[in-house]
Peer 1: 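My structure is below; once you've seen it, I'll send some questions.
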Amino acid sequence: MQNQYWLYLIYLLASVSFIVGLKMLSGPKTARQGNFLAAGGMTLAIIGTIFLHKNEEGHLIGNYAWIFGGIAIGTIAGWLSANKVQMTAMPQMVSLFNGMGGACAGLISIVEYKHLHDTASTGAVITILLGLIIGSVSFSGSIIAYLKLQEIMKKTFRLPAQNIFTIVLLLLIVSMLVITIQLPAMFHLYLLLILSLGYGVLFVLPIGGADMPVVISLLNSFTGLAAAFGGFLYDNQVMLTGGILVGSAGTLLTILMCNAMNRSLMNVIFGSFGGGNAAVGADDGFVGTIKSTTPSDVAILMKYAQNVIIVPGYGLAVAQAQHVIHELEELLEKEGVNVRYAIHPVAGRMPGHMNVLLAESNVSYDKLVEMEQINDDFSKTDVVFVVGANDVVNPAARNNPASPIFGMPILNADKAKTVIVSKRSMGKGYAGIENELFGYDNCLMLFGDAKASIGKLVAELKEL
Amino acid sequence: MEIINSVITFFGENIQIIYILILSIFVGIEVISKVPSALHTPLMSGANAIHGVVVIGAIIVMGHAEEGNWLAIILGFLAVILGTLNVVGGFVVTDRMLEMFKKKK
């Protein structure tokens, strides 16, 4: 019994490390230590479980070869893939790891159901089945999110009457759940598994790339829930606290992300923006003519400016232009120009994406200014340089109620004296709508690959 | 009626764990209520690693699978691999993101 008390103590320490770790993760100075702390707690809990856990009959854990083999494979694969991944591909990596956790929860449920379904109480069976449903939804949904962000799956599918179809599928899952509880059989369990996997796919398919972070965050909290159901089943405190903590923190984080885009969660899941129906605003709201410019003109404009604000977006990440933009910033600073970066809360594919990317090229943290702090300064700015961003500077969000992005807070780039937009072509942004800013009198387009354009710009600046 | 009874019994027998559950929900909300948007992604990624705690369930399943129960052994083994991937990959990715935030001169 004493052994079990040691294990309880370890679980308690691990739970506290998760709570404190999460707390520390929400501040920039303490975030890294917080992550280490949580990882340490996790390691302790895993080791404790392997050597001290006893089941109800008092048996210690066996099958060490299998367990250590599995941990070794998982560790190597996880370590390698996490270290190899490009900074730009971070979001889909998070999604993939999330899917793994969901699958893990689902598999546990299958084994436990087979093992327990004729002896366990109804409550335990419900716990197992809910773990299966949520884990499977999280798994298949995360995989679809991964495929979409990795651009293996390019199209957004929306079935006719998608929402009705979704509701029907949900009802089917609920009735299958009841059937499986009443008439236990492996066949029913597998049906439930297939329905849940199908729901996960259907849930993510119609959601556009711009909303993907929100979906990943939501699926993240689903996996947390699935883990918590496992904790309930095994009377395992650390699984329970860890899972629920992620479940509730993840849900709040999802809502915070939605707020940053001024949208409701319902709107993201059932709405049309970013989905297949976003044809609105395809032609309207476009006035004025597009004026293109050259790197040498831009170099002159910037050299003699007092204030320059750079607005980075996903295009910057795609073009891998984070280093050359830092070079540009340093050159301008040497000329006495005040250069700052304006970070929209959802710039890139994920909140914080731009901060991470720019930090990679040694841009100092205090040069990155959040939207609320910088938005009033645009009117006093000489040159705004928009690199690979589109929807976050579209004035339609302010003044066109018909636009799907109407109401989303945007960076007031259009208020600056001159706006220069570096863009590959006249293609649309993630929301799939035209940007009327490009037609404004104070807006100049610098067409071409961002990295190449900025490279030329830097060369011109050195010449001047 | 029988179902309601067994659900209530389940509730009664697990009352302590239900308390933990409810309190954890509030802790989770409290802990991240003030977070700058720049940290949303690393925070999500860190939380993602934490729910990898589900691997403990996989270890329990694997560890108590009887010899010859191949369904349990194979699925349990897979679950251990996937759960470990979630934990290790999650923490490493988070650390790589946060490494980028370190103070510059």
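To find a chain, count down the sequence lines: A is the first, B the second, and so on, and within it residues start at 1.
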Peer 1: For a quick test of reading the model, state the closest non-hydrogen atom pair linking B:A79 to A:C104 and the distance between them.
Peer 2: O-SG, 3.2 Å
Peer 1: Just so I understand: if I count every heavy-atom pair under 4.5 Å between each of A:S26, A:G27, A:S81 and chain B, which residue has the most?
Peer 2: A:S26
Peer 1: Please check this pair: side chain of A:N220 against backbone of B:M44, looking for a donor-acceptor N/O pair closer than 3.5 Å.
Peer 2: yes
Peer 1: Quick check for you: among A:A124, A:G247, A:A72, which has the greatest number of heavy-atom pairs under 4.5 Å with chain B?
Peer 2: A:A124
Peer 1: If I compare all heavy atoms of B:G28 with all of A:S248, which pair ends up nearest, and what's the gap?
Peer 2: CA-OG, 3.2 Å
Peer 1: Who among A:T43, A:I19, A:N236, A:N98 has the most heavy-atom pairs with chain B under 4.5 Å?
Peer 2: A:N98
Peer 1: Chain B heavy atoms under 4.5 Å from A:Y234: which part of the residue, side chain, backbone, both or neither?
Peer 2: side chain
Peer 1: Between A:K114 and chain B, with a heavy-atom cut-off of 4.5 Å, which part of the residue counts as in contact: side chain, backbone, both or neither?
Peer 2: side chain
Peer 1: Under 4.5 Å from any heavy atom of chain B, what part of A:Y11 do you find: side chain, backbone, both or neither?
Peer 2: side chain
Peer 1: CZ/B:R96 to NZ/A:K84 distance, rounded to the nearest 0.5 angstrom?
Peer 2: 11.5 Å
Peer 1: Between A:F97 and B:V88, is any pair of side-chain heavy atoms under 4.5 Å apart?
Peer 2: no
Peer 1: Hey, does B:L82 have a side-chain heavy atom less than 4.5 Å from the side chain of A:F139?
Peer 2: no
Peer 1: Counting neighbours of CZ on A:F68 that are heavy atoms of other residues, nucleotides or ligands and sit closer than 6.0 Å, is the number greater than 12?
Peer 2: yes
Peer 1: With a 4.5 Å cut-off on heavy-atom pairs, point out which of B:I56, B:I29, B:I25 contacts chain A the most.
Peer 2: B:I56
Peer 1: Could you grab the distance from atom CE of B:M97 to atom CG of A:L357, nearest 0.5 Å is fine?
Peer 2: 12.0 Å
Peer 1: Given a strict heavy-atom distance threshold of 4.5 Å, which part of A:S15 is in contact with chain B: side chain, backbone, both, or neither?
Peer 2: neither
Peer 1: Can you tell which part of B:A49 gets under 4.5 Å to a heavy atom of chain A, answering side chain, backbone, both or neither?
Peer 2: backbone
Peer 1: Roughly how far, to the nearest 0.5 Å, is the CG atom of B:L98 from the CE atom of A:M24?
Peer 2: 11.0 Å
Peer 1: Hey, are the side chains of B:L85 and A:I73 touching, using non-hydrogen atoms and a 4.5 Å cut-off?
Peer 2: no
Peer 1: Ignoring hydrogens and geometry, is there a side-chain-to-backbone donor-acceptor pair from A:N63 to B:A65 under 3.5 Å?
Peer 2: yes
Peer 1: Output the distance between atom CD1 (B:I59) and atom OH (A:Y64), rounded to the nearest 0.5 Å.
Peer 2: 10.5 Å
Peer 1: If you take all heavy atoms of B:A72 and A:V111, which pair is closest and at what distance?
Peer 2: CB-CG1, 3.6 Å
Peer 1: Tell me, side chain or backbone of A:K367 under 4.5 Å from chain B's heavy atoms, or both, or neither?
Peer 2: neither
Peer 1: B:V80, B:T9, B:I32, B:V92: which one forms the most heavy-atom pairs within less than 4.5 Å of chain A?
Peer 2: B:I32
Peer 1: Report which part of A:A228 has an atom under 4.5 Å of a heavy atom belonging to chain B: side chain, backbone, both, or neither.
Peer 2: neither
Peer 1: Return the option, out of A:L225, A:L368, A:D235, A:T251, with the maximum number of heavy-atom pairs under 4.5 Å with chain B.
Peer 2: A:D235
Peer 1: Considering only heavy atoms and a distance below 4.5 Å, find which of A:G231, A:G21, A:A227, A:A105 pairs most often with chain B.
Peer 2: A:A227
Peer 1: Give, as side chain, backbone, both or neither, the part of B:V87 having an atom under 4.5 angstrom from any heavy atom of chain A.
Peer 2: side chain
Peer 1: Enter the distance from A:M100:CE to B:H51:NE2 here, rounded to the nearest 0.5 Å.
Peer 2: 11.5 Å
Peer 1: Compare every heavy atom of A:V246 with every heavy atom of B:A47, then report the nearest pair and how far apart it is.
Peer 2: O-CG2, 3.3 Å
Peer 1: Select one option (side chain, backbone, both, neither) describing which atoms of A:E57 are under 4.5 Å from chain B's heavy atoms.
Peer 2: neither
Peer 1: Would you mind reporting whether B:I60 and A:N55 have side-chain heavy atoms less than 4.5 Å apart?
Peer 2: no
Peer 1: Would you find more than 12 non-hydrogen atoms of other residues, nucleotides or ligands less than 6.0 Å from B:E30 atom CD?
Peer 2: no
Peer 1: For B:E66, is it the side chain, the backbone, both, or neither that has a heavy atom closer than 4.5 Å to a heavy atom of chain A?
Peer 2: side chain
Peer 1: Can you list the steps and then say if B:L43 with A:L22 is a side chain to side chain contact (heavy atoms under 4.5 Å, CB included)?
Peer 2: CA-CA 7 Å; B:L43 185 63; A:L22 264 187; 3.9 Å; yes
Peer 1: Heavy-atom cut-off 4.5 Å, strictly under: side chain, backbone, both or neither for A:M239 against chain B?
Peer 2: both
Peer 1: Kindly compute the distance separating CD1 (A:I46) from OG1 (B:T84), expressed to the nearest 0.5 Å.
Peer 2: 6.5 Å
Peer 1: Please check if atom CD in B:Q16 has more than 12 non-hydrogen atoms from other residues, nucleotides or ligands closer than 6.0 Å.
Peer 2: no
Peer 1: If you count heavy-atom pairs under 4.5 Å with chain B, which of A:V85, A:T241, A:L96, A:I110 comes out on top?
Peer 2: A:V85
Peer 1: Report yes if the side chains of A:I71 and B:M62 come closer than 4.5 Å at any heavy-atom pair, otherwise no.
Peer 2: no
Peer 1: With a 4.5 Å cut-off on side-chain heavy atoms, are A:F232 and B:L21 touching?
Peer 2: yes
Peer 1: Do A:M90 and B:T41 make a side-chain contact, defined as non-hydrogen atoms from C-beta onward lying under 4.5 Å apart?
Peer 2: no
Peer 1: Would you check if B:T94 and A:L25 make a side-chain contact, meaning some heavy-atom pair closer than 4.5 Å?
Peer 2: yes
Peer 1: Relative to the ring of B:W70, is the ring of A:W66 parallel (under 30°), tilted (30 to 60°) or perpendicular (over 60°)?
Peer 2: perpendicular
